Amino acid sequence: MSIFAWKDTHNPQPMERRGKEQLITLGKIRDKRGNLSVIEDTKLLPFNIARTYWVYDVPGGESRGGHAYYKSEEFIMALSGSFDLHLHDGEEERIYHLDRCNRGVYVPAGTWIHMKNFATNSIALVISSTPYSPKDYIRSFDHFIQLKRENAL
Ligand code: TYD
């Protein structure tokens, strides 16, 4: 898996394999007054940003997600606290422990997404390539696996 790092420059590198998830480290503009990171549309992510949402007030140990999307691509990070991002590509599951506000994961469409084990007071930030549509959701894991096996996803 490739890890992309801005380090302290504004010179992000292009994503290598769009079909795969990628851990992305954002640049950090260091300042004694507090650090700053930025995501500027397609300069970092391989999609145009259509929607941003965040999940908060999650009770400690709780889980969110448990679905895949037909079309939506996402970038997911912990703006505060931590959680485990479980991603299944139809063949295997990979787990990312997200606990920094300058590191997240690009998640392509057709990936089973589960956010588990939230620490109390965590905030999950999600940037999406599409407007919200309930029709874009696959909510059954068995159906997801079936679509993957049929190459329909
Ligand atoms: P859902 O995506 O199921 O949450 P999670 O997968 O994180 O557990 O969304 C929960 C509710 O919020 C559901 O009723 C749909 C609504 N919702 C919107 O209205 N707009 C959005 O952009 C999102 C992500 C959810």
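Atoms within each ligand, like the ligands themselves, are counted from 1 in listed order. Please read all numbers here as calculations on a predicted model, not as lab measurements.
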Would you say Ser133's side chain and Lys135's backbone share a donor-acceptor pair under 3.5 angstrom?
yes
Which label fits Tyr137 and Tyr132: parallel for a plane angle under 30°, tilted from 30 to 60°, or perpendicular past 60°?
perpendicular
Give the minimum heavy-atom separation between Pro46 and Tyr106, together with the two atoms involved.
CG-CE1, 3.5 Å
Whether the side chain of Asp136 engages the backbone of Lys71 through a donor-acceptor N/O pair (distance < 3.5 Å, no angle test) should be reported.
yes
Regarding Glu92 and Arg94, does a basic nitrogen lie under 4.0 Å from an acidic carboxylate oxygen?
yes
Write none if no such pair exists; otherwise list each N/O atom of ligand 1 with its protein N/O partner under 3.5 Å and the distance.
| from | atom 1 | to | atom 2 | distance (Å) |
| --- | --- | --- | --- | --- |
| ligand 1 | 2 (O) | Tyr137 | OH | 2.6 |
| ligand 1 | 3 (O) | Arg139 | NH2 | 3.2 |
| ligand 1 | 4 (O) | Arg64 | NH2 | 3.2 |
| ligand 1 | 6 (O) | Gly65 | N | 3.3 |
| ligand 1 | 6 (O) | His67 | NE2 | 2.7 |
| ligand 1 | 7 (O) | Arg64 | NE | 3.3 |
| ligand 1 | 7 (O) | Arg64 | NH2 | 3.4 |
| ligand 1 | 8 (O) | Arg64 | NE | 3.0 |
| ligand 1 | 8 (O) | Arg64 | NH2 | 3.3 |
| ligand 1 | 8 (O) | Gly65 | N | 3.1 |
| ligand 1 | 22 (O) | Arg51 | NH1 | 2.6 |

Please name all residues satisfying salt bridge (charged side-chain N to carboxylate O under 4.0 Å, His left out) with Asp142, sequence neighbours left out, ordered by chain then number.
none
